[in-house]
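Atom set for the values below is all heavy atoms of this structure, side chains included, hydrogens, waters and symmetry mates excluded.
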Amino acid sequence: MPYPKTHKPAVRQRILSAATRAFRQKGAGGVSVPEVMRAVGLTHGGFYAHFESKEQLLAESVRQGLREIWDDFAEKLEALPLPERLSLLVNQYLSRSHRDNPETGCALPILSPELVRHGPEVRAALGEAVGDVLSRLSVWMPGEDEAERRHQAVLMLSSMVGAMVLARAASDPGLSDEILRLNRRHLKEQP
């Protein structure tokens with residue numbers, strides 16, 4: 001009996017979800033195609049029925065991973081007044097929980113430094129995903145002028161991602177917490 005038409009797209013999504021989580025946890029170089037396929041209970045050979053290459057999987061994982069985390073932020077923030085939105089966003093992004101659980105967080109701090117060395121497909125996906133995040137973030141920035149809101153969004157995202165990279169890199173837990181705490185305070189003090 002043949003599989004229903006929904007089977008192949010569902011399997012593809014399972015592979016993509018497992019890869020997205022694994023890439024965020026271990027980085028692009030730390031994850032192999034056989035490892036991803038084992039995580040969904042399939043063989044390595046079945047991968048190529050869904051993706052042309054690991055690069056394609058990585059590109060789609062970047063898009064999906066950033067869309068998921070920022071959809072989650074949007075769901076939590078949309079009902080709040082503007083100052084509360086930004087405060088909650090900064091608190092959640094620059095939290096110990098986000099630092100300690102990269103597999104469920106934003107892919108930018110863990111993958112960006114590595115992805116710029118990949119091919120055009122992955123770099124294009126990263127660029128598109130960053131552009132999408134900045135567009136979302138711009139809407140939440142104060143001010144009437146679209147260019148100024150975009151400027152603030154670029155600065156906020158850059159600060160949050162950079163702070164998370166440094167907090168995760170710090171081997172001293174006290175220093176890591178200090179990086180998060182000081183950046184939270186700094187970003188909340190911005191107009």
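Taking a 6.0 Å sphere around CD of Glu146, one finds it holds 12 or fewer heavy atoms contributed by other residues, nucleotides or ligands. Surrounding CD of Glu78 are more than 12 heavy atoms belonging to other residues, nucleotides or ligands, all under 6.0 Å away.
Ion pair Lys76/Asp72 flagged as a salt bridge, since at least one NZ, NE, NH1 or NH2 atom sits closer than 4.0 Å to an Asp/Glu carboxylate oxygen.
A 4.5 Å side-chain heavy-atom check between Ser159 and Tyr93 finds every atom pair outside the cut-off. A 4.5 Å side-chain heavy-atom check between Leu108 and Leu126 finds at least one atom pair inside the cut-off.
Taking CG of Leu94 as the start and CZ of Arg181 as the end, the distance is 12.5 Å to the nearest 0.5 Å. To the nearest 0.5 angstrom, Glu103 atom CD is 5.0 Å from Arg21 atom CZ. The distance from atom CG of Leu58 to atom CG of Leu111, rounded to the nearest 0.5 Å, is 6.5 Å. Note: Glu114 CD to Phe23 CZ = 9.0 Å, rounded to the nearest 0.5 Å. Interatomic distance, CZ of Arg123 versus CD of Glu55, reported as 9.5 Å (0.5 Å rounding). Rounding to the nearest 0.5 Å gives a distance of 4.5 Å between CG of Leu134 and CZ of Arg150.
When atom types are taken as modelled, the side chain of Ser95 and the backbone of Gln92 share a donor-acceptor pair closer than 3.5 angstrom. In terms of modelled atom types and a separation under 3.5 Å, the side chain of Arg168 and the main chain of Arg99 share a donor-acceptor contact.
The heavy-atom pair separating Ile110 from Pro102 by the smallest distance is CD1-CB, 4.4 Å. The minimum heavy-atom distance between Val62 and Ala129, with the atom names listed, is CG1-CB, 4.1 Å.
Note on Leu88: it clusters hydrophobically with Met156, by side-chain heavy-atom contacts below 4.5 Å among ILVMFWY residues. Residues Met37 and Val11 fall within the same hydrophobic cluster, defined by Ile, Leu, Val, Met, Phe, Trp and Tyr side chains chained together at heavy-atom separations under 4.5 Å. Cluster membership check: Val116 shares its hydrophobic cluster with Met164, using side-chain heavy-atom separations under 4.5 Å among Ile, Leu, Val, Met, Phe, Trp and Tyr. In the hydrophobic clustering of ILVMFWY residues, with side-chain heavy atoms under 4.5 Å counting as a link, Leu166 and Leu175 come out together. Cluster annotation: Leu182 and Leu86 are assigned to distinct hydrophobic clusters (Ile/Leu/Val/Met/Phe/Trp/Tyr, side-chain heavy-atom contacts under 4.5 Å, transitive).
When each of Ile15, Val31, Thr20 is checked for a side chain to side chain contact (heavy atoms under 4.5 Å, CB included) with Ser61, only Thr20 meets the rule.
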Q.
Working note: Phe47 + Leu57, criterion side-chain contact (heavy atoms from CB on, under 4.5 Å); need CA distance, chi angles, decisive distance, verdict.
A. CA-CA 10 Å; Phe47 173 81; Leu57 177 64; 3.6 Å; yes
Q: Let me see the working for Glu121 and Gln56 under side-chain contact (heavy atoms from CB on, under 4.5 Å), right down to the final yes or no.
A: CA-CA 7 Å; Glu121 181 178 13; Gln56 181 190 21; 3.6 Å; yes
Q) Should Leu137 and Met141 be marked as a side-chain contact (heavy atoms from CB on, under 4.5 Å) after you check the CA-CA gap, both sets of side-chain angles, and the distance that decides it? A) CA-CA 7 Å; Leu137 195 51; Met141 294 291 121; 3.8 Å; yes
(Q) Show, in sequence, the C-alpha distance, side-chain angles and deciding distance for Leu89 and Trp140, and conclude whether the side-chain contact (heavy atoms from CB on, under 4.5 Å) test is met. (A) CA-CA 10 Å; Leu89 173 64; Trp140 300 331; 4.2 Å; yes
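The side-chain contact (heavy atoms from CB on, under 4.5 Å) check on Ala18 picks up Val36, Ala39, Val40, with sequence neighbours excluded.
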